[in-house]
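Notes to accompany the following structure.
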Amino acid sequence: MLTGETWRELLAQGVPRTFPGRSVMLRQGSSGTYLLALTEGLAKVVCRQPGGMVTWLAFRGPGDLLGEVSVFNGTPRTAEVVALTPCTAVVLEAERFRRFIDQRGLIMDLMRQALFRLRESDAHRAELLTFPLVVRLARALLRLAELTSPGQESDVVRLTGLSQEEIAQATGVQQNSARRPSVPEESNRGRGDGYVTHSAD
């Protein structure tokens with residue numbers, strides 16, 4: 001993740017755009033002619049399979065780049081980014097972004113970010129195979145808390161903008177048809193204890 005003055009300089013290279021909640025910010029299969037620098041709001045990254053199944057990949061929040069892989073590879077986007085809440089992002093034209101990165105010697109920073117996201121993805125897949133639902137839900141809530149309230153301590157995680165289906169996707173419930181406690185059951189337990197609030201707008 002780019003931070004501080006570098007992030008502000010990058011934002012100056014593009015044009016701000018707002019996205020309503022539930023709108024598609026980047027469409028899977030489209031060409032990588034631009035990317036987005038997310039400045040406000042919460043988004044999800046998903047992959048749509050030919051059979052209609054939707055695989056959750058990640059949550060993204062302020063300070064994240066969206067769609068940079070297709071910009072560097074020159075290939076169609078392999079995933080879709082959807083705004084969970086109203087979002088603001090800066091639209092960065094591909095060639096201008098690549099020139100900015102080259103001129104400031106930021107290739108290694110982006111490689112480190114790509115490796116971090118790869119490890120994050122591997123860790124998530126391992127969680128789906130090894131951890132019970134209540135642990136997967138807790139970890140998903142921690143990720144959301146880090147994105148929505150970075151650097152702040154809070155006893156309550158607000159799930160505004162998230163549907164039960166999306167929470168199920170993020171915790172891998174749809175990948176396992178065996179009967180086990182559902183996301184509503186586990187999140188209701190959290191609401192009963194006072195550390196989870198939910199509002200799907």
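One is the number of the first residue; the rest follow in order along the sequence. What you see below is based on every heavy atom in this structure, not just the backbone, and it leaves out hydrogens, waters and symmetry mates.
In this structure, R8 CZ and Q13 CD are separated by 14.0 Å, a value rounded to the nearest 0.5 Å. A distance of 10.5 Å separates CZ of R98 from CD1 of I107, quoted to the nearest 0.5 Å. Rounding to the nearest 0.5 Å gives a distance of 12.0 Å between CD of E127 and CG of L133.
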Practice prompt. Start with the C-alpha distance between V46 and L57, add both sets of side-chain angles, then the distance that settles side chain to side chain contact (heavy atoms under 4.5 Å, CB included), and finish with yes or no.
Written response: CA-CA 5 Å; V46 298; L57 299 177; 5.7 Å; no
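Scanning for ring-ring contact (aromatic ring centres under 6.0 Å, His included) contacts around F59 gives W56, with sequence neighbours left out.
At distances below 3.5 Å, not a single donor-acceptor pair connects side-chain atoms of T75 with backbone N or O atoms of S70. Under the 3.5 Å distance criterion, the side-chain polar atoms of T85 are matched with a main-chain donor or acceptor of L42. At distances below 3.5 Å, at least one donor-acceptor pair connects side-chain atoms of E93 with backbone N or O atoms of R96. A donor-acceptor pair is defined here as one N or O able to donate and one able to accept, closer than 3.5 Å; such a pair exists between the side chain of R136 and the backbone of T171. Panel note: side chain T6, backbone L2; no donor-acceptor pair is recorded below 3.5 Å. For the pair Q103 (side chain) and F100 (backbone), a donor-acceptor distance under 3.5 Å is absent.
K44 and E80 are not joined by a salt bridge, as no carboxylate oxygen comes within less than 4.0 angstrom of a charged side-chain nitrogen. Looking at R143 and E146, no side-chain N of the basic residue comes within less than 4.0 Å of a carboxylate O on the acidic one, giving no salt bridge. Between D102 and R99 there is no salt bridge, since no side-chain N of the basic residue sits under 4.0 Å from a carboxylate O of the acidic one. Using a cutoff of 4.0 Å between basic side-chain nitrogens and carboxylate oxygens, R119 and D122 are not scored as salt-bridged. Under 4.0 Å is where a charged nitrogen must lie from a carboxylate oxygen, and between R117 and D64 at least one such pair does.
Side-chain contact check for I167 versus L137: some heavy-atom pair is nearer than 4.5 Å. I101 is listed as a side-chain neighbour of L110, based on a closest heavy-atom distance under 4.5 Å.
No continuous path of hydrophobic side-chain contacts links V134 to L129 [ILVMFWY only; heavy atoms under 4.5 Å]. Linking ILVMFWY residues whenever their side-chain heavy atoms come closer than 4.5 Å, directly or via other members, leaves F116 and V45 in distinct clusters. Grouping the Ile, Leu, Val, Met, Phe, Trp and Tyr side chains by contacts below 4.5 angstrom, directly or via other members, places V69 apart from V81. There is no path of hydrophobic side-chain contacts, each under 4.5 Å, that joins L66 to W7. At a threshold of 4.5 Å between side-chain heavy atoms, the hydrophobic network of Ile, Leu, Val, Met, Phe, Trp and Tyr places F97 and M111 in one connected group.
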Can you give each donor-acceptor pair under 3.5 Å made by side-chain atoms of residues 24-37, sequence neighbours left out, with the distance rounded to 0.1 Å?
residue : atom : partner : partner atom : Å
Q28     : OE1  : R48     : N            : 2.8
Q28     : NE2  : R48     : O            : 3.2
S30     : OG   : R27     : O            : 2.6
S30     : OG   : R77     : NE           : 3.2

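In terms of heavy-atom proximity, L38 sits nearest to A43 at CD2-CB, 4.5 Å. Nearest heavy atom pair, residue V91 against residue R17, reads CG2-CB, 3.9 Å. Minimum interatomic distance between L147 and P62 (heavy atoms only, all atoms of both residues): O-CD, 3.8 Å. Counting all heavy atoms, side chain and backbone alike, L92 lies closest to L10 at CD2-O, 3.4 Å.
A donor and an acceptor atom, one from each side chain of E166 and S163, are located under 3.5 Å apart.
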